[in-house]
2 protein chains.
Amino acid sequence: MNDASKVNPETRERVQKAMRKLGYQPSRVAQRLRATKGRSKLLGLIIPDIQNQFYSNIVRGVEDVAYGKDYAVILCNSDENPNKERFYLDVLQSESVDGVILPPIHQYSKVVEGLVEAGVPIVCVDRKLVREAVDTVVINNQKGGFIAVDHLIELGHKRIAILSSSSQFSSFEERQKGYEEALKASGINVDPDLIREGDPRSSENARELTKELLALESPPTAIFATNNLMTLGALEAINEAGLKIPRDISVVGFDDMPWAKAITPPLTVIKQPGYEMGRRSAELMFQRVADPGREPVQITMEPSIIVRQSTGKVKINKK
Amino acid sequence: MNDASKVNPETRERVQKAMRKLGYQPSRVAQRLRATKGRSKLLGLIIPDIQNQFYSNIVRGVEDVAYGKDYAVILCNSDENPNKERFYLDVLQSESVDGVILPPIHQYSKVVEGLVEAGVPIVCVDRKLVREAVDTVVINNQKGGFIAVDHLIELGHKRIAILSSSSQFSSFEERQKGYEEALKASGINVDPDLIREGDPRSSENARELTKELLALESPPTAIFATNNLMTLGALEAINEAGLKIPRDISVVGFDDMPWAKAITPPLTVIKQPGYEMGRRSAELMFQRVADPGREPVQITMEPSIIVRQSTGKVKINKK
DNA sequence: ACAATTAATGAAAACGTTTTCATAAAGTCA
DNA sequence: TGACTTTATGAAAACGTTTTCATTAATTGT
């Protein structure tokens, strides 16, 4: 049934026939129980929240590669909650998955580090683990932040705000670093008043932060939102304030969501290849399963800017 | 370890201690292999595409309920492809999941019907199965279509177009039925020219259909898009045509996506409770697993209209 | 105090595979 | 032909649990 090479062709045919006749389907559970490590046909995938489209892109990428290899995927939502992360890691181990793909909640995660050291195949996607060498797929977040802000600077903006994350996720930290780098490179002071850190999981928080920004004595002429939900919150607040984009304020979003080009005005964004990141993660995972000894690699993908119509030259009287 | 009731308390304590000491974690695989039906701690979930936010809402609802019961979820994307659907159903059976939740691709699906009859716990969500009595969670799609169109009629619109699905998914058929019902109830002729059926999986197709609509000799004054992706396509086409919403044309979308209230103008939509549908589906599933004999039920949830600013009174000179 | 019931315990079977091992059959070589 | 290798085959062990069964210990009733 399994190793076709070392068996008599006619015997094989006889077996195949019997299988069809009986409608026999091997139990993947029993196979997994008996199988040696690396043949469980099951992958674990832990993400913060499937309702965040960025992560559903990653999930789809993983799933498509898994499908091609006859693997199934167990999906887990961590809600950025380390306890849930740990719980699911336990469950997945208990399920004997061949490996786990996840954006680790913390850059220094004892739990995840422990698994890596224990030889459990782990692939980090979207976020890095600092202390442990592990297969990783990320984008160049700092560059993403840089090109977003640089684009605004070229349009003449000087008061550029950023909506970033209050939690220490590597991706947001780096995007913010890129923001500061771009400002400094153009000799613009980094004004702490324009740096707002909030919860990247909901647009609601970003909406409030944007309101605060707009209420400043000297409000920003442009806003850089560092993920899709924060972008939504910013847009909402700007709408409510009755401001027109890009006439009154420019906006750069992070991640090119399906709605970005459909809205008025179409949104300028930093594009990150979520689906492709998922695919690459899964591919790294299968490579590791096939060869547990190989050196961990880090794949860094390049973000790019898509200039649409939400960014315009800064108003002259504002200078 | 398992049945705490019938064991000597101090023996139990002794066992617990040993478990902690050894860091023992039971293998869910072995448990599943041995367990009787209904205790596998694993659920299957097949959806057309996780990148469609409506489905990620459902997934999240399912996952949250499953998490509460210590269940894990295997996620599968069918791409509306019956072969993939069948493939995954086989895989899930082979994985001994306790049951499968899915929107069946076809209303008459031999495969799914077969499983229902074979006693495999199945819950249909979003779409129905016609020939077989099975636990189902849907919304009142016809009513959804009706209130969308009725709202437009009340604003004076007479030429109302609909973007619907060319494939026979029960949900789209019913929404379209609601559209026609509303028109007829107000004595408005159903103009076949205003009914455009396309692929609900991508916005691209809807964009083209909308372009066609706008190019009509007597173009519609309002468009009802029957799912979130088609809404996006419609918005895009309207943008490209340089038309202003709601001044030149009104739009009602289906499903209240996170971006709906952030865009300009905020979008009037028919809201469907995707997350809640997922939750209810999972609850039905657990009920069925606990009591395989109980009569199948159908839960019909109510859609509602959220009137924002993408719908306005029809232009006077247009009358 | 003895039989009868109940509770606790430990061993063995079962779940459905893959892997290993032993044996039998067939083929090769001097 | 006899010894040796290769190929085929069937039986048994193993994976890690839960369930069943038999045995022993403790409790109850007369």
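- Put simply, CD on A:Q31 is 14 Å from C1' on C:dC15, counting in whole angstrom units.
- Over its full length, the helix from C:dA1-D:dT30 to C:dA30-D:dT1 turns its helical axis through 40°, comparing axes from the five pairs at each end and rounding to 10°.
- Of the charged side-chain nitrogens involved, none lies within less than 4.0 Å of a carboxylate oxygen, so that A:R86 and A:D90 do not count as a salt-bridged pair.
- Atom C1' of nucleotide C:dG16 and atom CZ of A:R28 are separated by 15 Å, given to the nearest angstrom.
- Across the interface with DNA chain C, nearest-nucleotide mapping of A:R34 and B:A35 shows B:A35 to be the residue nearer the 5′ end.
- Put simply, CZ on B:R32 is 15 Å from P on C:dT17, counting in whole angstrom units.
- We find that CD of B:Q25 is positioned 19 Å from P of D:dC15, with the value rounded to whole Å.
- With rounding to whole Å, B:Y24 atom OH is found 6 Å from D:dT18 atom P.
- Here the C1' atom of nucleotide D:dA14 and the CG atom of B:L33 are 12 Å apart, to the nearest Å.
- Between the side chains of B:Y55 and B:D126, at least one donor N or O sits under 3.5 Å from an acceptor N or O.
- For A:N227 and A:D255, the side-chain atoms include no donor-acceptor pair closer than 3.5 Å.
- With salt bridges taken as basic N to acidic carboxylate O contacts below 4.0 Å, one links B:R127 and B:E80.
- If you measure from atom NZ of B:K41 to atom P of D:dG16, you get 20 Å, rounded to the nearest angstrom.
- Closest heavy-atom contact between A:A30 and B:L33: CB-CD1, 3.8 Å.
- With salt bridges taken as basic N to acidic carboxylate O contacts below 4.0 Å, one links B:R32 and A:E95.
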